[in-house]
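Contents: one structure, followed by commentary.
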Amino acid sequence: MLKKAHITKLIKKEEIAKDTFDFYVEAPQIAKAASPGQFIHVKCGDGTFLRRPISICDTEGDILRFIFQIRGKGTAELAQKEVGDYIDILGPLGQGFKIKDKKAFLVGGGIGIYPLLMLAKKLKDPKIFLGFRTKDLVTLEEDFKKWGQVIISTDDGSYGRKGFSIDAVKEMIDECEIIYACGPIPMLKALKNLAEDRGIECQISLEQRMGCGVGACLSCVCKTVRGYDKICQRGPVFDSSEVIFDD
Amino acid sequence: MLKKAHITKLIKKEEIAKDTFDFYVEAPQIAKAASPGQFIHVKCGDGTFLRRPISICDTEGDILRFIFQIRGKGTAELAQKEVGDYIDILGPLGQGFKIKDKKAFLVGGGIGIYPLLMLAKKLKDPKIFLGFRTKDLVTLEEDFKKWGQVIISTDDGSYGRKGFSIDAVKEMIDECEIIYACGPIPMLKALKNLAEDRGIECQISLEQRMGCGVGACLSCVCKTVRGYDKICQRGPVFDSSEVIFDD
Amino acid sequence: MTNLSVNFCGVNFKNPVVSVSGTFNFGLEYGMYFDLNQLGGITVKGLTLKPRLGNPPPRIAETPCGILNSIGLQNPGVEAFLKNELPMIRKYNTNIIANIAGNTIEEYCEMAKILSESGVDLIEMNISCPNVKEGGVHFGTDPKMVAKITSKVKKYCKKPLIVKLSPNVSDIKAIAKAAEENGADALSLINTILGMRIDINTKRPILRNNVGGLSGPAIKPVAVRMVYEAKQSVSIPIIGMGGIMCGDDAVEFMLAGATLVGVGTASFINPTACVDVIDGIKKYMEKHNINDVNSLTGGVIAY
Amino acid sequence: MTNLSVNFCGVNFKNPVVSVSGTFNFGLEYGMYFDLNQLGGITVKGLTLKPRLGNPPPRIAETPCGILNSIGLQNPGVEAFLKNELPMIRKYNTNIIANIAGNTIEEYCEMAKILSESGVDLIEMNISCPNVKEGGVHFGTDPKMVAKITSKVKKYCKKPLIVKLSPNVSDIKAIAKAAEENGADALSLINTILGMRIDINTKRPILRNNVGGLSGPAIKPVAVRMVYEAKQSVSIPIIGMGGIMCGDDAVEFMLAGATLVGVGTASFINPTACVDVIDGIKKYMEKHNINDVNSLTGGVIAY
Ligand SMILES: Cc1cc2nc3c(=O)[nH]c(=O)nc-3n(C[C@H](O)[C@H](O)[C@H](O)COP(=O)(O)OP(=O)(O)OC[C@H]3O[C@@H](n4cnc5c(N)ncnc54)[C@H](O)[C@@H]3O)c2cc1C
Ligand SMILES: Cc1cc2nc3c(=O)[nH]c(=O)nc-3n(C[C@H](O)[C@H](O)[C@H](O)COP(=O)(O)OP(=O)(O)OC[C@H]3O[C@@H](n4cnc5c(N)ncnc54)[C@H](O)[C@@H]3O)c2cc1C
Ligand SMILES: Cc1cc2nc3c(=O)[nH]c(=O)nc-3n(C[C@H](O)[C@H](O)[C@H](O)COP(=O)(O)O)c2cc1C
Ligand SMILES: Cc1cc2nc3c(=O)[nH]c(=O)nc-3n(C[C@H](O)[C@H](O)[C@H](O)COP(=O)(O)O)c2cc1C
Ligand code: FES
Ligand code: FES
């Protein structure tokens, strides 16, 4: 069957932290096809030109859930949508996490925590490390707690542990057979190194500015052992051993 | 006091004929300053770039009324606005009709009838000639009837007289001391000629594509005895004797 | 009966709509969104003689009603294309236009030679890529250079040769003429206009390559004007492109002088843009009782 | 204390924002919407030696995120300007930039001479108007021509001479250099990019002049790139313009290399755009703890 852009209906909207919106849309086909780590490409409105990539956070029957922070014009426009409004969404897109039957660490930083929720649901008792800048930005704690042990860090120590998630991960690394991660580049770099040191598998989800979102334009590349790979098509999740972080 | 763009609130909206919308907005400053024949310059939404010129149809206290037909992208976007929405409006702009204490004929064709309503209110017993393409497009008949005798023509004879308003005008021209008109160019041309033949005054309201709407860009000119005059600033109402229709 | 088919350089196109180079990869991605058999043609991603890595990311930036890109011609090289990509897309009943870019005239000639022996239907010579250091755009901004490269490549090119022109020029008419007089069978225009965006918070250009090529609706008026001007000065047919989002846009290009129209950036927003453009042209023709799409070409009634 | 004042060719500007030529008439219209004393400067409508009627309407067309115009330099002529307009606007405490266009080099010289004796502060030579048949743009697309006209006009010009460049060129660097080497005190760029729109229902161009100049946000990335490139090749200061809608856009131009910024088309949508841009620059400086607006100029950290 041919894929298509879906006109979905916003049925629930919540501001779960300052400038952070939790959207539930009716999108049966996307919800059914989605797997953890995949993303959608969203037309935010008339005021922006390109679509915006957003991770799939969760699905429940016909409902697709995604969470985004206002970062610029597109996300600001999207945040204006009200319940009952329609949203044009392409997806699910990309390759998500490859689920292995191993003792899993989920590591998320900032907006990188959102794609991990659906993943947590599919794993057996994962340890979930969530990092935030500060207490006010802490979100989804309760959602994640249903699926595993949650260890929260804040950069300023205002909630949970003080410091970066990576420190907590390091302390418990002996219990880990596989890492699934999404977040800022320095975090992913550190995890990649850690995983390599310990010889464990590590899957990381990457971000890059996108055009088409479907692999047709070669805008969204990252450097891998193969050259420049398209994040929207080969990723967004890569095996950390493939990815080359250079500057 | 400095002029400014006004953020007005749509408080009543009605589709009075197919693709023809009657808008009432709360715009105290514009409503107070407006005189018949002036226009407003309206930001229709994010999907269009320039403002769109629309005639002031009427005012009542703080309320400004304007009526427009969907003709393209901008008017289509404007028609999407719902009661409670805000509309960015510049105005009142331009020079309206100069009201004279003479036996008046008001002649309007199509969307050209809208600026005549407020004028009709200010005149003593005007004869009002309204021309439409067909019955379905007939609007404002009741509104105008309050202020004078209304003679409606439709091109196809489906309502009122069959033919153009100009024919009705010609029949009664002996009763006329001044013509105020707005509508398609051929109609205005015919009225100009008629008025010149009879030696009576004739004020006509012109249209042209606009940029600024305030006289700064010289986009919206028409040919007059002085050269190219700015419709948005010297007009939209001109004495027909000044205007040169060439083609 | 409405006729949508077009004869372009002796090749039959079932309709005037082609995908442009670089926004459609080798076709298969958008092949998941619509049946590629519907297209007049597919222009594939720009090819170079050797595989090319392309520029480092970020490679794309949004601008008002448009985008900047600086892909830098990432591609597997002409041989890998013929081996891995062409067989896949050759299965579809549509014309394949190979798009080539070189560092030297010799490379262009070499590629034209190789592709002339292949299953592609037409060859589009890109002398207007703003995103590579050597070659690319500098071949396309001087009529003398255009004349030279066109006449040389023409010798090796056994398929219809389309020369793709750069909009970064003062006089598109002179460039178009130089291409025609030296053997171009057709022209395509426009490629992207060189642009730049700076992130005012980091003070860094958004594109890692500093500058990139502007495409999308923002450039449409420039593209329409250039197609119109080119049409005035040459008699070879033109593929018009630059910001086409819908059938009405395509009709505008055809009226300006295009025989075929190319859809590029639009696909990023609407993955079925190409077929929607075909439908839109059809609707326009029906509304205006036009039987033959060819009658649109150059139909503008200029003042 | 934030310093917004800028020394430009020896003239003090209270802030870096000027209105551009042709979108602000002679100032008084927008003077109804804000206090003109707030502006760094006002560039007046393009002047010619004799009064000019301009092109027949329609003269404007909307395009995606932009407009096309073909005003054709309607203006009362330089003498009427000096007599009727300048005294009115000279009352404001802001710099007046006269913008001139001629059919011949001699006309440019003559106007420079007349205006040098007048109360204007700077003279901007428009060699890039796309909307007039003779003169205008053809002076601005060939470096040799730019050199010639600049050196000649410079002889008669006793005020700072700003040369306004056309974007319809392949190599803005060469043009910028030609102007600098031949006596330009400053550059301004960009003028509009030539474009066209066709009404597909009537098959007629929307502009009575067939083609017109594209301005507004659509061209901003092209303008930023050209300011950046010009800045690399000359050391005279630059007025940057093309699609500036807000303070952030202005900052982007300054980072690219502009010393002053011009606001044009934006005023049509927002009549207080000029002062809103000043406010926006101030806000940006406060947010980023920047004390001197001059430190923005050329501040881009290119890769
Ligand atoms: C695979 C993927 C999944 C993502 N998932 C989420 C999510 O679940 N929640 C969330 O809040 N954010 C997510 N992001 C980031 C999100 O896409 C950006 O924050 C958003 O595109 C910013 O758009 P804007 O218009 O608000 O910002 P602007 O800066 O105005 O955007 C301008 C352009 O840059 C692009 N851009 C800017 N920042 C980013 C970025 N960080 N990544 C990619 N493109 C960017 C935009 O898409 C747009 O094309 C994801 C990004 C990717 C690539
Ligand atoms: C002084 C004045 C008063 C007007 N009063 C009314 C009114 O009361 N009711 C009403 O329905 N219409 C009125 N019009 C016409 C109205 O401005 C146009 O129908 C409208 O601008 C079309 O915009 P669009 O985006 O829908 O069409 P598009 O064709 O998509 O518009 C494209 C561009 O062309 C301009 N344009 C298109 N048609 C016209 C036109 N006829 N006149 C001026 N500009 C045009 C638009 O403003 C826009 O800039 C008036 C026009 C003027 C000049
Ligand atoms: C991401 C991207 C990549 C492109 N790559 C090429 C290319 O490889 N070869 C080429 O000739 N043109 C290339 N182009 C230019 C397009 O083929 C086309 O000329 C231009 O984008 C204008 O059309 P549009 O506005 O419909 O996209 C590219 C454009 C984009 C946006
Ligand atoms: C309606 C209009 C008239 C213009 N007239 C002139 C002119 O007389 N002289 C000139 O040098 N530039 C003229 N320009 C070009 C502008 O000064 C400016 O270079 C261009 O519009 C880009 O800036 P913007 O995008 O902010 O409008 C005109 C532009 C517009 C839109
Ligand atoms: S966004 Fe186009 S290839 Fe990834
Ligand atoms: S619209 Fe600008 S002068 Fe009339």
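Keep in mind that what you see is a predicted model, and the values were worked out from it rather than measured. Within every chain, numbering begins at 1; the chains are lettered A, B, ... in the order of the sequence lines, protein sequences first and strands thereafter.
Residues A:A216 and C:Y30 share a closest heavy-atom pair of CB-CE1, 3.3 Å. Heavy-atom minimum distance, A:F49 versus C:G216: CZ-CA, 4.4 Å. Of all heavy-atom pairs spanning C:P271 and A:L90, the tightest one is CG-CD1, 3.4 Å. Considering every non-hydrogen atom in both A:S219 and C:R59, the closest pair reads O-CB, 3.5 Å.
When each of C:T23, C:D35, C:L53 is scored by its heavy-atom pairs under 4.5 Å with chain A, the top score falls to C:L53. Annotation: maximal heavy-atom pairing with chain A below 4.5 Å, among C:I269, C:N270, C:N75, occurs at C:I269. Between chain A and the residues C:F26, C:Y33, C:F268, C:F34, the largest count of heavy-atom pairs under 4.5 Å involves C:Y33. Ranked by heavy-atom pairs shorter than 4.5 Å toward chain C, the options A:K43, A:M1, A:Q233 are led by A:Q233. In terms of heavy-atom pairs under 4.5 angstrom with chain A, the leader among C:P64, C:P56, C:G54 is C:P56. With chain A as the partner, the residue from C:G66, C:S267, C:G22, C:A61 showing the most heavy-atom pairs under 4.5 Å is C:G66. Contact count against chain C (heavy-atom pairs under 4.5 Å) is highest for A:M210 among A:K223, A:M210, A:K73.
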Original post:
Step by step, would you call A:L50 with C:I60 a side chain to side chain contact (heavy atoms under 4.5 Å, CB included)?
Top reply: CA-CA 10 Å; A:L50 288 171; C:I60 188 168; 4.0 Å; yes
Subject >> C:Q74 and A:V221: CA distance, side-chain angles, deciding distance, side chain to side chain contact (heavy atoms under 4.5 Å, CB included) verdict >> reply: CA-CA 10 Å; C:Q74 175 173 348; A:V221 297; 3.8 Å; yes
Subject >> Steps toward side chain to side chain contact (heavy atoms under 4.5 Å, CB included) verdict (A:T48, C:E62) >> reply: CA-CA 8 Å; A:T48 46; C:E62 182 170 284; 3.6 Å; yes
**OP:** For the pair A:C217 and C:F24, evaluate side chain to side chain contact (heavy atoms under 4.5 Å, CB included) and give the outcome as yes or no after the intermediate values.
**Re:** CA-CA 6 Å; A:C217 74; C:F24 213 74; over 6 Å; no
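By the 6.0 Å contact criterion, NZ on C:K283 is open, its count of non-hydrogen atoms from other residues, nucleotides or ligands being 12 or less. Sparse packing is recorded around CZ of A:F164, with 12 or fewer heavy atoms of other residues, nucleotides or ligands lying under 6.0 Å away.
We find the CG-OG1 distance between A:L2 and C:T272 to be 10.0 Å, quoted to the nearest 0.5 Å.
Cation-pi contact between C:R52 and A:Y228: absent, since separation from the ring centre below 6.0 Å together with deviation from the ring axis within 45° is not met.
A salt bridge links C:E29 to A:K230: at least one charged side-chain nitrogen sits closer than 4.0 Å to a carboxylate oxygen.
Residue A:R52 touches chain C through its side chain alone, counting heavy-atom pairs closer than 4.5 Å. Looking at C:I206, the atoms closer than 4.5 Å to chain A (heavy atoms on both sides) all sit in the side chain, from C-beta outward.
Formation of a donor-acceptor pair under 3.5 Å by the A:R209 side chain with backbone atoms of C:P58 is not found in this model.
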